[in-house]
Enquirer: 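What follows is a structure written as structure tokens; I'll ask about it next.
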Amino acid sequence: MSRIAHYLQEHLVGEVTDSLDVRRYFAHDASILQITPSIIVYPANENDVRKTARFSWQLAERNKTLPITARGGGSDTSGAAIGSGVMMVFTAHMNRILALNPGKQFVTVEPGITFGALQQTLYTHGHFLPPYPASSAYATIGGSLANNSVGEKSVKYGDMAQYVQKLTVVLANGEVIETGPLSKRDLNKKMGLTSLEGSIYRGIDGLLEENQALLADEKSRIRARFNRSGYNLFDIKKKGNFDLTPLFLGSQGTLGIITEATLKLVPHNPLAELAVLSLDSLSELQDALPSILSLEPSMCEMLNRAAIVQLTKANPSQLKGVLQNPGAEIHLILEFDDSKEGAQKKSLKGLAKLAEKTGGYLMIAAGNEDRDKINKLRRAAATMHLMSRGNAKALPVAEDVAVPTDRLADFLRRAAEIYAGGGMQMAAWGHAGDGVVRTQPMLDLAEIGDRQKLYKLQDLIYNTALNMGGSLSAAAGDGRMRAPYLGHIYGQEARKMMLDVKNIFDPYGILNRGVKTASAEEVKSLMRTEYGRRGHEHLPQG
Ligand SMILES: Cc1cc2nc3c(=O)[nH]c(=O)nc-3n(C[C@H](O)[C@H](O)[C@H](O)COP(=O)(O)OP(=O)(O)OC[C@H]3O[C@@H](n4cnc5c(N)ncnc54)[C@H](O)[C@@H]3O)c2cc1C
């Protein structure tokens with residue numbers, strides 16, 4: 001064991017290892033990049049997190065860098081859950097529900113609990129946490145907060161940020177803070193502190209004061225509903241309060257390590273109505289989407305024809321008998337979960353009228369068999385990530401774009417042309433109701449030609465989205481993959497302001513070093529030569 005690993009193990013309750021096998025395992029997340037960490041820490045409690053950060057900070061004061069990467073399920077597709085130095089894995093021990101109050105509709109959890117496990121508990125209490133990602137079986141709450149996740153229910157319920165009441169965060173120097181809305185008086189008290197916390201409040205307040213006009217300008221440029229690029233400086237000052245919470249959501253572990261979160265819950269209605277509306281053209285989608293959204297669906301997901309073709313080729317029995325007209329251009333999966341049955345029926349009526357008007361084919365689930373079929377279609381999208389053809393794999397590249405919904409059809413049309421230009425078919429799926437489009441090109445990372453195709457495709461898709469007022473990171477964040485685009489998204493002045501935020505919180509660059517700051521050259525140098533996702537077998541038990 002290295003001297004540093006030995007030292008940490010002496011001082012921490014949780015396990016520490018520098019075994020090569022384990023380090024190799026944590027060298028990957030779900031992105032196409034790789035970095036091998038030098039030490040793995042499985043913190044047992046907040047004190048372990050605090051001590052590790054403190055140790056790293058003290059090394060940094062002596063010009064030695066030991067970066068720390070927080071890690072949940074490692075399902076990040078932007079290359080943000082990998083790093084050199086310490087890999088701090090929360091799934092082993094810090095995975096508990098600390099308090100659950102269905103009456104007052106909140107839950108307090110540690111970051112390493114998986115979204116799926118928490119949700120199962122919440123369902124038994126008649127509640128749920130709506131913005132669950134498609135990866136919720138293995139994605140954690142910590143990772144979902146750090147990425148500010150969105151999911152199939154976000155069309156009605158929004159993103160993780162809407163459910164956070166309070167965060168406990170370990171800062172880069174090991175200080176522990178709690179976030180939440182502060183009055184002017186409380187803010188002044190915080191700004192008077194001589195600690196890192198005090199300097200953060202002073203720094204961020206100053207940054208907001210100096211850049212008011214720039215921020216307003218940048219905010220108005222992006223019309224997409226979800227945008228995780230940079231740091232959310234836009235929502236810190238609200239209703240006369242000052243709250244650091246929005247900065248941590250979507251920060252991908254670069255500003256602090258979340259050790260506890262109190263989250264708001266919503267009543268869950270298991271008796272929702274499900275339907276599939278299949279449309280023959282993108283123009284029909286363009287015309288129908290505003291009317292569909294006015295019916296207030298709790299889900300509005302999509303799969304295009306190429307996605308159905310790809311799924312069927314790979315597994316001919318997966319969707320057998322599920323769709324009446326698989327040849328339609330776009331299939332929308334819709335759900336209405338209003339607690340009043342009358343409201344659900346009204347929405348379905350509206351949908352039927354719309355289908356008649358557009359000539360689309362509508363299937364409303366009449367019983368369990370139909371519901372199973374629709375759920376099969378819904379889940380099929382998640383298997384798109386696992387597609388392969390020979391050595392070529394469906395790669396998570398340009399896979400998290402969001403455009404304003406009034407440009408969704410245009411974007412799908414233009415993106416398909418870009419794919420066709422590279423000799424590829426574009427299978428697309430995602431959250432149509434939020435304009436979130438997922439596509440993954442089938443390419444072989446070992447082939448130089450395919451890598452070049454990948455860079456070109458990424459550039460073209462991103463430029464198209466930005467020109468339509470879209471964002472490049474609807475949910476998965478900049479990570480390393482999209483860090484080089486930060487200047488395109490916001491302009492150089494605003495990019496600098498985003499980097500100032502990082503310096504205010506983490507002046508030595510300890511936390512998730514390289515995430516949101518990597519250059520295009522760095523990203524290229526970290527590229528894997530073979531893409532694949534692994535299980536989670538290297539976790540200690542107990
Ligand atoms: C098949 C598939 C489907 C997906 N579907 C969706 C989707 O529908 N919606 C969506 O939003 N995303 C989706 N994602 C992306 C990803 O799964 C989510 O962002 C997920 O919430 C990440 O959780 P995780 O536990 O795996 O985090 P990780 O991958 O471990 O980490 C993600 C980021 O969070 C940071 N982090 C982790 N824990 C902490 C902590 N305690 N404190 C501070 N920072 C921390 C990490 O450093 C990293 O930057 C999908 C990914 C895959 C592979």
Side-chain angles (χ1 to χ4, degrees), residues 26 28-32 37 43 46 49 53 67-83 86-91 94-95 109-118 129 131-154 159-161 167-172 226 228 248-261 299 301 378-379 381-387 394-396 399-400 402 429-431 434 436 438 440 473-481 483 511-516 531 533-534 536:
F26 286 111
H28 300 121
D29 52 14
S31 74
I32 58 174
E46 183 183 280
V49 180
I68 301 174
T69 302
R71 170 121 169 175
S75 65
D76 191 282
T77 48
S78 68
I82 46 174
V86 172
M87 179 62 62
M88 189 173 273
V89 182
F90 282 97
T91 40
M94 292 185 67
N95 53 16
V109 293
E110 290 180 320
I113 187 166
T114 63
F115 216 124
L118 174 62
L129 187 56
Y132 55 87
S135 51
S136 61
Y138 39 90
T140 62
I141 293 296
S144 304
L145 288 166
N147 278 358
N148 196 3
S149 295
V150 302
E152 59 187 13
K153 296 272 197 181
S154 292
D159 55 17
M160 280 298 272
L167 295 177
T168 305
V169 179
V170 172
L171 297 176
F226 299 122
R228 305 289 171 254
F248 289 106
L249 304 172
S251 73
Q252 300 195 289
T254 56
L255 304 183
I257 303 172
I258 299 163
T259 52
E260 201 176 299
M299 193 186 292
E301 299 286 283
R378 188 171 63 85
R379 289 197 201 103
T383 62
M384 293 299 300
H385 300 257
L386 305 171
M387 295 279 152
L395 300 179
E399 36 74 58
D400 194 33
W429 63 101
H431 314 309
D434 292 316
V436 177
R438 304 204 187 282
Q440 296 199 352
S473 299
D478 305 303
R480 290 180 169 84
M481 287 297 293
L511 301 173
N512 278 19
R513 199 183 183 87
V515 170
K516 289 186 185 276
Y531 182 68
R533 301 224 323 273
R534 300 187 184 178
H536 298 81

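This one's a predicted model, so the numbers in the text were calculated from it and none came from an experiment. Every number for a ligand or one of its atoms is a count from 1 in the order of the listing.
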Enquirer: So for R438, does at least one of its heavy atoms come nearer than 4.0 angstrom to any atom of ligand 1?
Expert: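 Checking ligand 1 against R438, which is what was asked, there is a heavy-atom contact under 4.0 Å.
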
Enquirer: Taking the non-hydrogen atoms of G74, is any one of them nearer than 4.0 angstrom to ligand 1?
Expert: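 Judged by the 4.0 Å heavy-atom criterion, G74 does count as contacting ligand 1.
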
Enquirer: At under 4.0 Å between heavy atoms, which part of N512 makes contact with ligand 1: side chain, backbone, both or neither?
Expert: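 For N512, the contact with ligand 1 is made by the side chain alone.
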
Enquirer: Can you find an N/O atom of A80 closer than 3.5 Å to an N/O atom of ligand 1?
Expert: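 Yes: some nitrogen or oxygen of A80 is under 3.5 Å from one in ligand 1.
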
Enquirer: Residue-level breakdown please: for F248 versus ligand 1, do any non-hydrogen atoms fall below 4.0 Å on the side chain, on the backbone, on both, or on neither?
Expert: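 Contact part for F248 vs ligand 1: neither.
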
Enquirer: Nearest non-hydrogen contact with atom 31 (O) of ligand 1 belongs to which option: A81, A474, A475?
Expert: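 The residue whose heavy atom sits nearest atom 31 (O) of ligand 1 is A81.
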
Enquirer: Under a plain distance cut-off of 3.5 Å, with no hydrogens placed, do E46 and T168 share a side-chain donor-acceptor pair?
Expert: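 No.
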
Enquirer: If the contact criterion is a heavy-atom separation under 4.0 Å, does Y138 count as touching ligand 1?
Expert: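 Under 4.0 Å: yes for Y138.
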
Enquirer: Would you mind telling me if ligand 1 is within reach of the side chain of M88, the backbone, both or neither, using heavy atoms under 4.0 Å?
Expert: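 No part of M88 comes within reach of ligand 1.
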
Enquirer: Between D159 and R228, does any side-chain N to carboxylate O distance fall below 4.0 Å?
Expert: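 Counted as a salt bridge, because a side-chain N and a carboxylate O are separated by less than 4.0 Å.
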
Enquirer: So which heavy atom on L167 is nearest to which on L145, and how close?
Expert: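 Closest pair (atom of L167, atom of L145, distance): CD2-CD1, 4.1 Å.
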
Enquirer: Are any of the N/O atoms in N147 less than 3.5 Å from those in ligand 1?
Expert: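 It does: an N or O of N147 is found under 3.5 Å from an N or O of ligand 1.
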
Enquirer: Which residues satisfy the side chain to side chain donor-acceptor pair (under 3.5 Å) test with S144, sequence neighbours excluded?
Expert: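 With neighbours one apart ignored, the set is empty.
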
Enquirer: For ligand 1, note which part of P111 has a heavy atom under 4.0 Å away: side chain, backbone, both or neither.
Expert: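 Side chain only.
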
Enquirer: For a quick check under 3.5 Å, do D29 and S31 share a side-chain donor-acceptor pair by atom type?
Expert: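 The answer is yes; a qualifying pair exists.
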
Enquirer: Closer than 4.0 Å to some heavy atom of H385 - which atoms of ligand 1 meet that?
Expert: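 Result: 1 (C), 2 (C), 3 (C).
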
Enquirer: In ligand 1, which numbered atoms sit nearer than 4.0 Å to a non-hydrogen atom of R71?
Expert: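 The list of qualifying atoms is 30 (O).
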
Enquirer: Examine the proximity of ligand 1 to Q252 and report which part, side chain or backbone, both or neither, has a heavy atom under 4.0 Å away.
Expert: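 The part of Q252 near ligand 1 is both the backbone and the side chain.
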
Enquirer: Check whether Y531 reaches the backbone of A30 with its side chain - one donor and one acceptor, N or O, closer than 3.5 Å.
Expert: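 Yes.
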
